[in-house]
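This report refers to the structure that appears directly beneath it.
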Amino acid sequence: MSRDLSCHPCFNDAVRHAFARIHLPVAPECNVQCNFCKRVYDCVNESRPGVTSVLLTPLQALKYLQESLKRDPRISVVGIAGPGDPFATPERTLQTLQLVREAFPEMLLCVASNGLNVDSHVDRLASLAVSHVTLTVNAVDPAIGAKIYAWVRDGKRMYRSQVGAGLLWTRQADAIRNLKRQGVTVKVNTIVIPGVNDQHVVDVARRVAELGADISNCVPLYPVAGTVFGCVEPPKPEQVAALRAEVGRYLPVMAHCARCRADAVGLLGEASSPEAELALLHASTTPSSSDEARPNVAVATLEGVLVNEHLGSAQQLAIYGPRDGSFQLLETRATPPPGGGRDRWQALAETLRDCQAVLVADAGDTPRNILAEYQIKVISMEGLIEDGLNAVYRGIEIRSPSPTRLRCGSGCGGNGQGCS
Ligand code: SF4
Ligand code: SF4
C-alpha cells in the first residue's frame with residue numbers, strides 16, 4: 001500500500017481510526033533527567049511514555065515489525081520513542097531506522113526525542129527519509145527549564161540548573177531549524193506542569209513556531225510516583241483546553257495525543273492486543289541473524305545464580321536457551337579435562353556449537369581466540385546470570401552494584417557491552 005504523509009495517525013486526526021503506528025523499543029538510555037520521568041521495563045499495565053515491557057535490539061525490532069505487519073497491515077508508521085531517548089544511543093536508533101527503511105521503503109518513519117542530540121544527526125535522518133520528528137520542549141527560558149530538568153548530559157559532561165536547561169533549549173532550537181531545512185515535519189510536545197511552566201507554554205509555542213515547527217501538542221502532566229513531580233496535580237481539562245486555544249494562535253494544535261508507551265502498537269488510544277504483547281515478548285528473546293542457528297548461551301557458574309567461575313577451572317557449563325518469551329536452564333554440559341593446549345579449547349568449542357556466547361568470570365587469551373574462531377563470544381563479567389542473559393538476548397546493559405566488567409571475544413561484532 002502506498003502511504004503519504006497524511007497517513008500518519010498522530011499528525012492527522014482524520015486517519016487515526018484507519019492507520020496504526022508501532023513503536024520499536026530500542027532506545028534504552030536517556031541523556032536528560034526530566035523531573036516527571038521514570039523509565040521502567042516490566043510494566044505491561046501502565047500506559048505512558050517511558051514504559052516498555054521489553055527492550056529490542058535493532059535486528060529483533062525488524063523481525064518484530066515484520067511479524068506485526070502480517071498481523072496488522074494498517075500499520076503505516078514506525079516510531080522510535082524510548083523507553084529512553086533515541087539519540088542518547090544514536091547508533092541503535094539509526095541502525096533500526098536503516099533496517100526498516102531497507103525492508104519497507106514506503107513506511108513512514110517517526111522519532112520522538114528530547115532534542116539534545118538530534119541536530120548532529122539531521123542529515124542522516126533526512127537520508128533515511130524520516131518524515132516526522134517530535135521534540136519535547138518544555139521551556140525556552142532556562143530559569144523555568146532548571147525546575148524541570150535535574151540534569152542534562154552532553155557526551156561525558158553533565159550540566160545542571162540553568163546551564164543544562166539553556167544548553168537543551170539551544171540544541172532543540174538548532175534541531176528544529178535544521179529539520180525544517182530538510183523538509184521534516186516537526187511536532188513539538190510540551191508537558192504542562194501546573195505551577196512550573198503552565199504560564200510559559202504559549203511562549204514555547206510562539207518561539208518554536210518562529211523556528212518553523214509544524215504542530216504543537218500540549219500534554220498534561222502525568223504524575224508518576226517516585227518522581228519530583230509525583231505529587232503535582234495534573235492540569236484540569238479546561239486549563240489544557242484554554243492553553244491549546246491560545247497556542248492555536250501560533251501553531252496547529254494536536255488534541256488527540258494518546259501518551260503512548262514506548263512499545264505501543266495498533267490504533268492510537270487502543271491498548272495493545274494480547275497477541276501483540278506476546279509477539280513483542282517473543283521478539284525480545286529471539287536471537288538475531290547469525291545467532292539464529294546458535295540460540296543458546298553457556299554459563300560458568302558454581303551455584304547456578306552468579307557468573308563466578310573462570311573458564312579454565314569450570315568442570316561443567318550451564319546451558320541456557322530461549323523458551324516461551326524468556327530463557328531457561330536446559331542442561332549442564334561437562335567441559336574437556338585440563339591439559340591438551342589448543343585441543344582442549346577446540347574440543348570445548350565443538351561441544352558449544354549450539355551456543356552464541358559463554359558467560360565467564362574470566363578466560364585466558366587462547367580459549368578466547370579459539371572460541372572466537374567458532375564465533376562464540378566470550379563475555380567476562382561478574383554478577384547475576386540473569387543480567388548476562390539479558391545482555392545477550394535483549395541488549396540490556398548490565399547494571400550490577402558490584403563492579404561489573406564485560407569483555408567480548410575478538411570475534412564479537414558487538415559494541416563491547418557483551419551484546420550485539
Ligand atoms: Fe511518532 Fe509520537 Fe505518534 Fe509514536 S506516538 S508515531 S513517536 S508521533
Ligand atoms: Fe524521560 Fe524522555 Fe525526559 Fe528522558 S527525555 S527523562 S526519557 S521524559
Side-chain angles (χ1 to χ4, degrees), residues 3 5 7-13 15-16 19-41 47-52 55 65 74-89 93 96-97 100 107-118 125 130-139 145 148-154 164-165 168-169 171-172 175 184-191 193 213-217 219 221-224 226-229 254 256-270 272:
R3 268 125 190 195
L5 298 188
C7 298
H8 195 313
C10 309
F11 286 72
N12 182 0
D13 194 12
V15 301
R16 73 179 157 119
F19 289 100
R21 49 76 180 106
I22 185 168
H23 283 176
L24 301 178
V26 296
E29 294 168 21
C30 196
N31 43 11
V32 166
Q33 180 57 60
C34 303
N35 284 333
F36 50 75
C37 177
K38 185 161 91 177
R39 296 188 305 281
V40 291
Y41 290 87
S47 184
R48 63 174 170 83
V51 175
T52 180
L55 199 60
L65 173 63
R74 297 170 304 176
I75 293 172
S76 62
V77 185
V78 170
I80 298 181
D85 188 85
F87 295 94
T89 47
T93 296
T96 306
L97 293 169
V100 175
M107 188 64 73
L108 296 180
L109 297 183
C110 185
V111 188
S113 168
N114 58 41
L116 180 68
N117 193 27
V118 169
L125 292 174
V130 173
S131 53
H132 295 74
V133 170
T134 294
L135 299 183
T136 299
V137 181
N138 299 313
I148 301 173
Y149 304 106
W151 48 258
V152 168
R153 196 185 62 233
D154 186 32
L168 180 58
W169 164 238
R171 294 284 182 79
Q172 290 168 330
V184 177
T185 301
V186 176
K187 171 158 74 70
V188 170
N189 283 0
T190 303
I191 313 297
I193 311 162
D214 296 277
I215 185 166
S216 161
N217 178 21
V219 186
L221 173 74
Y222 184 108
V224 176
T227 65
V228 174
F229 296 149
M254 171 186 186
H256 63 283
C257 174
R259 298 201 287 203
C260 310
R261 290 168 55 99
D263 58 2
V265 57
L267 293 177
L268 277 192
E270 280 184 6
S272 296

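Note that ligands are numbered from 1 as they come in the structure, with each ligand's atoms numbered from 1 the same way. Quick caveat, the model's predicted, so the values are computed rather than measured.
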Any idea which atoms of ligand 2 are less than 4.0 Å away from a heavy-atom of C30?
-> 4 (Fe), 5 (S), 6 (S), 7 (S)

Between NZ on residue K38 and CD on residue Q33, distance to nearest 0.5 Å = 11.0 Å

Which of the ligand 1 atoms, numbered from 1, are nearer than 4.0 Å to a heavy atom of A112 | 7 (S)

Do any heavy atoms of F36 fall under 4.0 Å from ligand 2?
-> yes

Are side-chain heavy atoms of S113 and V133 found at a separation under 4.5 Å?
-> no

Assess C34: does it contribute an N, O or S atom lying under 2.8 Å from atom 3 (Fe) of ligand 2?
-> yes

Nearest protein heavy-atom contact for atom 7 (S) of ligand 1: which residue, which atom, what distance?
-> H23 NE2, 3.5 Å

Against heavy atoms of P83, which atoms of ligand 2 measure under 4.0 Å?
-> 7 (S)

Look at atom 1 (Fe) of ligand 1 and say which protein heavy atom is nearest, naming residue and atom and giving the distance to 0.1 Å.
-> C110 SG, 2.3 Å

Under 3.5 Å, side chain of D214 to main-chain N/O of V186, donor-acceptor pair present?
-> yes

Atom 1 (Fe) of ligand 2 to nearest N/O/S of C37 less than 2.8 Å | yes

How are the rings of F229 and F36 set to each other: parallel, tilted or perpendicular (split at 30° and 60°)?
-> parallel

Do F19 and V77 have side-chain heavy atoms sitting under 4.5 Å apart?
-> no

dist L267:CG -> I75:CD1 (nearest 0.5 Å) comes out at 9.5 Å

Rounding to 0.5 Å, atoms CG (L109) and CG (L125) come to a distance of 9.5 Å

Looking just at side-chain N and O atoms, do T136 and N114 make a donor-acceptor pair shorter than 3.5 Å?
-> no

For T134, counting its heavy atoms only, list the atoms of ligand 1 lying under 4.0 Å from any of them.
-> 8 (S)

What atoms of ligand 2 come closer than 4.0 angstrom to any heavy atom of V32?
-> 4 (Fe), 6 (S)

Considering the heavy atoms of C10, write down every atom of ligand 1 situated less than 4.0 Å from one of them.
-> 3 (Fe), 5 (S), 6 (S), 8 (S)

